[in-house]
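Note on naming: letters A, B, ... go to the chains in the order of the sequence lines (proteins, then strands), and numbering restarts at 1 for each one.
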2 protein chains.
Amino acid sequence: MKLGPDISSTAALIGDPARANILTALISGCALTATELASEAGVTKQTTSSHLAKLVDGGFLSVEKQGRHKYYRLANHEIAALLESLANVAADIAPKRVRTGPKEPALRKARRCYDHLAGDIAVKMFDGFIAQGLIVNDRNSNQGFPTLTVKGTEFFDRFGIDIKNLKNQKRPICRSCLDWSVRRHHLAGGLGAALLSEFESRGWAKRSAKNRIIEFSQTGEQKLLAAFLL
Amino acid sequence: MKLGPDISSTAALIGDPARANILTALISGCALTATELASEAGVTKQTTSSHLAKLVDGGFLSVEKQGRHKYYRLANHEIAALLESLANVAADIAPKRVRTGPKEPALRKARRCYDHLAGDIAVKMFDGFIAQGLIVNDRNSNQGFPTLTVKGTEFFDRFGIDIKNLKNQKRPICRSCLDWSVRRHHLAGGLGAALLSEFESRGWAKRSAKNRIIEFSQTGEQKLLAAFLL
DNA sequence: TTCATAGTTCGACAATAGACGAACTGTGCT
DNA sequence: AGCACAGTTCGTCTATTGTCGAACTATGAA
């Protein structure tokens with residue numbers, strides 16, 4: 001019968017531990033740079049470079065050059081679906097390393113994605129920003145990045161974020177970042193990162209060193225919802 | 001984050017060409033013996049033996065010993081789903097080797113599965129046999145195999161199948177075989193094989209040497225439907 | 001300009017694992 | 001019993017490929 005082509009070479013691409021680490025790190029849907037991925041994969045930069053080339057060549061990843069950085073992300077939803085399916089099977093087979101019980105919901109709710117906030121809360125925030133006209137998300141302008149409105153600039157300034165400082169940086173202030181697990185966007189970019197660190201310095205949230213969970217205190221979460229009228 | 005365990009080793013298991021061939025051969029849901037799989041994989045029996053051991057050990061395949069044969073099949077639906085997902089991605093990436101156009105429907109309709117008939121027609125037949133009380137399919141009796149009823153014995157005898165002869169063989173007369181693509185069962189076992197060869201000797205159907213398609217002549221298909229009141 | 005850092009290319013090394021020949025066990029058939 | 005055949009085990013060979021050190025290019029910052 002021989003359905004489809006070469007499923008073996010495709011599978012082999014995921015079959016290397018370093019590459020698998022890279023891919024799972026990218027499942028969150030965020031773009032990561034080559035060096036970040038190197039540390040995720042646990043190998044040197046040279047090795048990572050070769051792996052990334054193979055993954056891009058194999059259609060698994062897409063690259064975006066930004067200054068001297070290269071941002072890698074999963075190429076499409078099918079890749080993400082494949083990885084999920086694979087994780088599904090792997091979980092059945094191997095003795096599960098991490099208990100998937102109570103921690104999973106926390107991860108869905110709020111987690112760190114590179115340097116900004118992801119998860120249900122982040123999606124809610126992003127939608128709220130747009131609904132309130134703080135940000136406009138027009139794919140056809142501003143290189144596809146979301147744009148901070150005047151109203152938004154005032155709002156975040158009042159909140160304690162130094163927007164003027166962010167504007168001086170090369171990095172785009174706003175970036176939307178796709179969360180594969182829910183197929184929804186949340187806010188990345190300079191503003192996204194600044195917001196997360198602001199939450200931390202106010203004591204609303206705390207990031208874990210071991211995993212990517214961001215733990216909000218009860219009052220912290222309430223204050224966040226109140227501040228952004230969610 | 002490190003979701004789930006070891007997706008790399010799981011993927012690596014599919015990442016070998018020989019093993020991938022074995023798995024795709026088994027996607028039809030039929031059980032195949034080690035030597036049959038060896039020819040599918042294009043490697044020797046020894047090599048196949050080692051691959052099969054790894055696949056069973058990895059939870060991909062389940063084995064069933066029958067006399068001096070060992071029948072291998074995919075362990076569960078998740079494996080099949082994973083393989084489909086993989087084929088999906090692989091098709092996007094590599095230039096598709098086989099044109100998936102006109103031939104596919106023929107394959108869905110009627111194909112060879114080991115030595116018996118599979119595909120839409122086979123599923124229809126199987127359902128018809130049960131509806132007419134020729135076979136009863138009780139998972140809790142007869143070791144889980146379908147059972148040929150008295151009525152069924154008479155019917156197939158009249159049709160020209162030597163049931164007494166089949167009963168003398170070690171091989172179970174009836175076996176249900178799951179077709180992953182439609183998640184439905186069809187008839188395998190001694191009777192399934194005997195029926196297919198009967199169809200061929202009557203000139204109703206013809207098997208292809210190149211692929212697994214079974215081609216029914218127009219009158220052959222009509223006669224089949226009439227004979228089994230489908 | 002000079003320095004730092006992101007990422008790549010090249011070459012060498014080492015480990016893995018897939019392949020087969022040959023010899024073995026076990027089941028079934030006559 | 002003797003033969004045939006399904007499947008396995010063992011040992012060896014070979015090819016692949018993942019790894020890193022070192023040297024290179026390119027971008028940005030001082």
C:dC20 phosphate, OP1 or OP2, under 4.0 Å from B:T47 side-chain N/O: yes

message: Between P on D:dT8 and NE2 on B:H69, what's the gap in Å once rounded to a whole number?
response: 13 Å

- request: For B:Y71, report the nucleic acid contact type (base, sugar-phosphate, nothing); a contact means any heavy atom under 4.0 Å.
  value: nothing

field: First encountered from the 5' end of DNA chain D, between A:P17 and B:E36
entry: B:E36

field: A:T47 and A:S50: side chain donor to acceptor below 3.5 Å
entry: no

field: Between D:dA22 (P) and A:K45 (NZ): distance, integer Å
entry: 14 Å

- line: Side-chain contact check for A:A34: nearest option of D:dG7, D:dT19, C:dG7 is C:dG7

Whole-Å distance separating the CD atom of A:E64 from the P atom of C:dA6: 19 Å

- prompt: To the nearest angstrom, how far is A:L32 atom CG from C:dG7 atom P?
  reply: 11 Å

- request: Work out how much the helix from C:dT1-D:dA30 to C:dT30-D:dA1 bends between its end axes, five pairs an end, to the nearest 10 degrees.
  value: 30°

NZ/NE/NH1/NH2 to OD/OE distance under 4.0 Å, B:K206 and B:E200: no

- prompt: Got B:L195 and B:M125 here, is their nearest side-chain heavy-atom distance under 4.5 Å?
  reply: yes

message: Can you confirm if the NZ or CZ of A:R207 lies within 45° of the ring axis of A:F199 and under 6.0 Å from the centre of its six-membered ring?
response: no

- line: The residue among A:L82, A:I7, A:I14, A:L13 that forms side-chain contact (heavy atoms from CB on, under 4.5 Å) with B:V89 is A:L82

Ring centers of A:Y72, A:F60 separated by less than 6.0 Å: no

task: Can you tell me the distance, in whole Å, between the CG atom of A:L55 and the P atom of C:dG7?
output: 15 Å

query: Checking all strands, does A:A18 fall into the base, sugar-phosphate, or nothing category for heavy-atom contacts under 4.0 angstrom?
result: sugar-phosphate

query: Side chain of A:T35: nearest nucleotide among C:dA6, C:dC20, D:dT19?
result: C:dA6

- request: Scan B:K70 against the nucleic acid and name what it touches under 4.0 Å (heavy atoms): base, sugar-phosphate only, or nothing.
  value: sugar-phosphate

statement: A:I14 atom CD1 is separated from D:dG18 atom C1', nearest whole Å, by 17 Å

- request: Looking at every strand, decide which applies to B:T33 at a 4.0 Å heavy-atom threshold: base, sugar-phosphate, or nothing.
  value: sugar-phosphate

task: In whole angstrom, give the distance that lies between atom NE2 of A:H51 and atom P of C:dT9.
output: 15 Å

query: Is the cationic atom of A:R202 (NZ for Lys, CZ for Arg) positioned less than 6.0 Å from the six-membered ring centroid of A:F159 and within 45 degrees of its normal?
result: yes

Expected rows: protein N/O vs nucleotides 21-30 of chain C N/O, under 3.5 Å:
residue	atom	partner	partner atom	Å
C:dG21	N7	B:Q46	NE2	2.4

- prompt: Quick one: does A:D16's side chain have a donor or acceptor within less than 3.5 Å of a partner on A:A18's backbone?
  reply: yes

field: Residues A:E36 and A:R73 bridged, charged N to O under 4.0 Å
entry: no

Which nucleotide in C:dG18, D:dG18, D:dC20 has an atom nearest any side-chain atom of A:V43: D:dC20

- prompt: Over how many whole Å does the gap from A:D57 atom CG to C:dT9 atom C1' extend?
  reply: 16 Å

- request: Assess the side chains of B:S49 and B:Q46: does a donor N or O sit below 3.5 Å from an acceptor N or O?
  value: no

